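Written out below as structure tokens is the structure these notes cover.
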Amino acid sequence: MKENVQQILAHFHIKQFQHDLIHWFQTEQRDLPWRKDKDPYKIWVSEVMLQQTRVDTVIPYFYHFIEKFPTLDSLAEAEEEEVLKAWEGLGYYSRIRHLHEAVKEVKEKYGGCVPASKEQFSSLKGVGPYTTGAVLSIAYGIPEPAVDGNVMRVLSRIFYITDDIAKGSTRKKFENIVSHIISHDNPSDFNQALMELGALVCTPKNPSCFLCPVQRHCRAFAEGVETELPVKTKGKAPKRVSFRAIVLMNEKGNILIQKRPPRGLLANLWQFPNDEHAPTRNDESFVKEISERYHVVIRSMERIGSFEHVFSHVVWHIEAYKGNALELQMGDETNKWVTIDELKQYAFPVIYQKIWQAYE
DNA sequence: TAGTCGTGGGA
DNA sequence: TTCCCAAGACT
């Protein structure tokens with residue numbers, strides 16, 4: 001951080017920039033479902049869904065989620081299982097667990113009205129600096145910075161800032177800058193415009209500078225270094241993990257499913273019996289492990305394929321089997337024998353959905 | 001601070 | 001195929 005904010009903003013035409021940016025947004029913005037009204041609840045839901053997730057991926061989830069939980073109260077009153085099912089396949093599942101907890105708190109403490117106070121809203125579960133600024137500015141018109149990856153990319157180019165955006169501390173520098181250049185007349189459009197510009201024009205690769213509405217304000221363009229920015233260090237390669245899983249059917253035609261622990265990877269989602277916790281070396285030790293852990297007798301077993309799934313920091317390689325089994329113990333909260341029809345009520349990670357498809 | 005936490009799309 | 005991601009938050 002070589003320059004302070006005053007130096008960075010020297011000779012920068014704030015009013016012209018605000019006008020150029022907001023005017024572009026008002027004529028070129030995409031027609032997105034969460035832009036139909038200013039319902040703070042819907043804005044909040046959309047912002048949580050959009051965290052690290054593409055717009056095209058979010059759109060169908062948003063429609064379905066709002067149809068199922070149209071109001072904050074309806075979400076607050078819903079069962080965890082039902083809420084998680086609506087998030088199935090979207091990823092980063094702690095987002096929905098935190099959102100569910102947060103709306104319950106809003107219902108209890110604020111009568112179901114999303115607080116417009118920065119202190120109150122940002123204290124809610126899963127609500128960080130970005131989401132605070134996004135919801136308060138878009139839903140309530142409060143001039144708070146909403147600095148996401150788009151904003152850091154756009155502003156790193158506009159101001160030729162070479163700080164590593166992979167570092168957490170860099171975001172604060174951009175928040176400081178935005179707090180100085182944000183439009184107080186229209187903070188909602190200003191924040192959204194910065195992100196929209198990043199999504200449509202000031203893209204990571206091959207930015208369309210020739211049609212950029214703020215090209216005349218851009219230091220990187222003037223210097224011809226737009227493709228060198230932003231500076232972002234690479235993360236390390238994900239670790240590889242191999243284990244087995246098995247779809248078991250009992251004599252009644254029921255399938256054994258298991259709820260994952262409430263913390264960690266894919267928390268609270270459901271899966272088929274596996275030895276993820278203690279990977280086995282061969283079929284014999286696998287059968288022994290599954291039999292003891294899940295209290296079953298495996299009468300027959302057949303391999304149905306191998307599956308790979310890449311997470312953010314780990315790669316799973318699963319050898320999948322199907323088999324027939326006898327249950328030695330009644331199910332409980334985390335281990336259930338369910339009908340194939342009932343399976344549809346439970347949220348499964350994508351890789352276990354693929355294993356189920358291979359089973360069918 | 002750096003690691004954890006999903007998924008599917010595009011170059 | 002391989003890589004980088006995409007409107008981050010939590011620990």
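Letters A, B, ... are given to chains in the order of the sequence lines, protein chains preceding strands, and every chain is numbered from 1. Below, all heavy atoms of this structure are taken into account, side chains as well, without hydrogens, waters or symmetry copies. What you see is a predicted model; the values in this text were computed from it and never measured.
As rounded to whole Å, 15 Å separates atom C1' of C:dC10 from atom CG of A:L99. In this structure, CG of A:L200 is placed 13 Å from P of C:dA6, rounded to the nearest angstrom. B:dT1 atom P lies 11 Å from atom CG of A:D164, rounded to whole Å. Between A:R240 atom CZ and C:dT2 atom P there is a gap of 11 Å when expressed in whole angstrom units. Straight-line distance from the NZ atom of A:K234 to the C1' atom of C:dC3: 9 Å, rounded to whole Å. In this structure, A:I165 places its CD1 atom 15 Å from P of B:dA2, rounding to the nearest Å.
Contact annotation for A:L32: base contact, defined as any heavy-atom pair under 4.0 Å involving a base atom. Using a 4.0 Å heavy-atom distance criterion, A:G168 is classed as making no nucleic acid contact. Across all strands, A:R30 comes closer than 4.0 Å to base atoms (heavy-atom distances). In this structure, A:W34 reaches the bases: a heavy-atom distance under 4.0 Å links it to at least one base atom across the strands shown. In this structure, A:T131 reaches the sugar-phosphate backbone alone: every heavy-atom distance under 4.0 Å involves primed, P, OP1 or OP2 atoms, never a base.
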List the atom pairs, donor and acceptor, that lie under 3.5 Å between side-chain atoms in residues 140-148 of chain A and the rest of the protein, sequence neighbours left out.
from   : atom 1 : to     : atom 2 : distance (Å)
A:Y140 : OH     : A:V114 : O      : 2.5
A:E144 : OE1    : A:K118 : NZ     : 3.4
A:D148 : OD1    : A:N150 : N      : 3.2
A:D148 : OD1    : A:V151 : N      : 2.9
A:D148 : OD2    : A:N150 : ND2    : 3.3

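With respect to A:R303 and A:E319, a salt bridge is recorded, a charged nitrogen being found less than 4.0 Å from a carboxylate O.
Of the candidate nucleotides B:dT1, C:dG8, C:dC5, C:dG8 has the atom lying nearest to any side-chain atom of A:Y130. Nearest nucleotide to the A:H98 side chain, out of C:dC5, C:dC10, C:dA6: C:dC10.
With ring centers used as reference points, A:W87 lies 6.0 Å or more from A:Y92. Ring centers of A:Y359 and A:F272: at least 6.0 Å apart, outside the cut-off.
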- Task: Give the B/S/- string for nucleotides 4-11 of chain B, one per nucleotide from 5' to 3', where a protein heavy atom under 4.0 Å of the base yields B, of only the sugar-phosphate yields S, and otherwise -.
- Result: SBBBBB--
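Distance check on atom P: C:dT1 versus B:dG6 gives 25 Å, rounded to whole Å. Across the C1' atoms, B:dC5 and C:dA6 are found 15 Å apart, a figure rounded to whole Å.
Classification of the A:H309-A:F311 ring pair by plane angle, with boundaries at 30° and 60°, yields perpendicular. The aromatic rings of A:F17 and A:F12 sit tilted relative to each other, their planes meeting at an angle between 30° and 60°.
Residues forming a salt bridge (Lys or Arg N to Asp or Glu O under 4.0 Å) with A:R244 (at least two apart in sequence, or on another chain): A:D283. With sequence neighbours excluded, the residues satisfying salt bridge (Lys or Arg N to Asp or Glu O under 4.0 Å) with A:K42 are A:D37. Every residue meeting the salt bridge (Lys or Arg N to Asp or Glu O under 4.0 Å) condition with A:K107, not counting sequence neighbours, appears here in chain and number order: A:E77.
Remark: the A:R95 side chain and the A:Q52 side chain contain no N/O donor-acceptor pair separated by less than 3.5 Å.
Non-hydrogen atoms lying under 4.0 Å from DNA chain C are contributed by A:K125, all within residues 113-125 of chain A.
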